[in-house]
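Owing to the predicted nature of the structure, the values given are computational and were not obtained by experimental measurement.
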Amino acid sequence: MADDPIPSPKVAVGVDGSASARGALEWAAAEAELRQLPLYVVHALSMPLVMSVYAGPTRFPPTEEMTAQGRRILEEAAEHVRSLRPDLRVETALGLEEPPLALLRRTGHGDLVVVGSRGMGPVRSVLAGAAGMRLAAKALCPVVVVPGTEGRAPRLSGPLRIAVGVDGSVDSRRALDFALHRAALQEGSSVVVVHSWEVPLPFATASLTESGWTPPDDLLERQSEELVSGVLAEVMDDATADVDISAVRTQRNPVDALVEAAAEADLVVVGSRGRGGVRGALLGSVSQGVMHSSPVPVVVVPRHAEED
């Protein structure tokens, strides 16, 4: 069991003994093997933090029983991975912190973090609400949220169909870059670029069209095509030149458009914040909505800390 984080790059995954965490573990192991990276399995004991006038913030130490239970969860997770992928390097770590902080402290630039969308306990959305959201908001690397039994079984081998949302923002360009390079890792994978917009029309435009005025639909369609083409030209490189790329342009709500695309995809990629995000917000409404509704794993590509 590793006491200190192993160097980047690596794939890190949070486990808690739940079925959802098992699905995230298997997805993370497949991804680590494909990328030829070690797998770092983390279990958090969530020990409470107390404030002391003399000692400052201090976490309660775990009982022997809690420590033993945590180690059992890690050992079972590691053995499960080794039974599926015997050549994969697997390391484990037991954290005292809550799950998001345990993963944040052990990962950095160049890593990939994976969590399940449901955890143990009465609050069934605990991982989606806590670990997934907090990680996606603060991590220095992409965060993957793998749906539990409410989603379909994630594809663990073979080429992927990857849907990615773009809106021209810096974050969406990062998301597109991730999607293209992930597709390039696996021959036969493809990328569907999704761009959507919503513009209400307050009046009929038939008479203006007859006089030569271009209807907003046509104008926005053309602008959308130019935006998608421009972003692709900026992001594509020699490594992604052979990736099969298609585009979906629609006036639907961005979350609905991406969730609809997810129905025929194996993976969805979004930026942490888009062009319409509130300045200072850590995680945009589109990325949050997609994380909650997608039937397939969602990758949130965050903004690097030094650029905030």
Say you draw a straight line from [atom1] of [X] to [atom2] of [Y]; how long is it, rounded to the nearest 0.5 Å?
X      : Y      : atom1 : atom2 : value
Arg82  : Asp87  : CZ    : CG    : 12.5 Å
Gln69  : Leu74  : CD    : CG    : 10.0 Å
Leu88  : Leu34  : CG    : CG    : 11.5 Å
Thr240 : Leu176 : OG1   : CG    : 8.5 Å
Glu75  : His43  : CD    : NE2   : 12.0 Å
Glu64  : Arg71  : CD    : CZ    : 11.5 Å

So does [Y] get a backbone contact from the side chain of [X], meaning a donor-acceptor N/O pair under 3.5 Å?
X      : Y      : answer
Ser293 : Val290 : no
Ser229 : Glu226 : no
Asp266 : Arg155 : no
Arg161 : Ser189 : no
Ser196 : Thr250 : no
Ser190 : Asp244 : no

For this session: Flag the pair Val192 / Val194 as yes when at least one side-chain heavy-atom distance between them is below 4.5 Å, and no otherwise.
Result: yes
Return the minimal non-hydrogen interatomic distance between [X] and [Y], and the atom names on each side.
X      : Y      : answer
Leu103 : Ala12  : CD2-CB, 4.4 Å
Pro302 : Ser272 : CA-OG, 3.6 Å
Cys141 : Leu112 : SG-N, 4.2 Å
Gln186 : Ser157 : NE2-C, 4.2 Å
Leu39  : Ala32  : CB-CB, 4.3 Å
Pro147 : Pro297 : CD-N, 3.5 Å

Quick one: do [X] and [Y] end up in the same hydrophobic cluster if we chain Ile, Leu, Val, Met, Phe, Trp and Tyr together by side-chain heavy atoms under 4.5 Å apart?
X      : Y      : value
Ile73  : Leu101 : no
Leu185 : Val296 : no
Val13  : Leu156 : yes

Exercise. Listed by chain and number, what are the side-chain contact (heavy atoms from CB on, under 4.5 Å) partners of Ser8, not counting sequence neighbours?
Worked result: Lys10, Asp111
Problem set entry | Charged N-O contact under 4.0 Å between Glu97 and Arg106 | yes
Problem set entry | Glu234/Arg173 salt bridge by N-O under 4.0 Å criterion | yes
Problem set entry | From Glu31, Glu33, Glu79, residue fulfilling salt bridge (charged side-chain N to carboxylate O under 4.0 Å, His left out) relative to Arg85 | Glu33
Exercise. With distance as the sole criterion, is a donor-acceptor pair present between the side chains of Ser169 and Asp171 under 3.5 Å?
Worked result: no
Exercise. Which residues pass the salt bridge (Lys or Arg N to Asp or Glu O under 4.0 Å) test with Arg249, sequence neighbours left out?
Worked result: Glu221
Exercise. Quick one: ring-ring contact (aromatic ring centres under 6.0 Å, His included) partners of His80, sequence neighbours excluded?
Worked result: none
Problem set entry | Derivation and outcome, side-chain contact (heavy atoms from CB on, under 4.5 Å), residues Val143 and Val299 | CA-CA 6 Å; Val143 174; Val299 184; over 6 Å; no
For this session: Could you walk me through whether Leu258 and Val286 pass side-chain contact (heavy atoms from CB on, under 4.5 Å), step by step?
Result: CA-CA 9 Å; Leu258 281 165; Val286 172; 4.0 Å; yes
For this session: Step by step, work out the side-chain contact (heavy atoms from CB on, under 4.5 Å) result for Asp242 and Glu187.
Result: CA-CA 9 Å; Asp242 295 330; Glu187 186 176 358; over 6 Å; no
Problem set entry | Worked check of side-chain contact (heavy atoms from CB on, under 4.5 Å) between Thr107 and Leu140 | CA-CA 8 Å; Thr107 54; Leu140 298 179; over 6 Å; no
Problem set entry | Option passing side-chain contact (heavy atoms from CB on, under 4.5 Å) with Phe178 (candidates Val269, Val270, Val300, Val235) | Val269
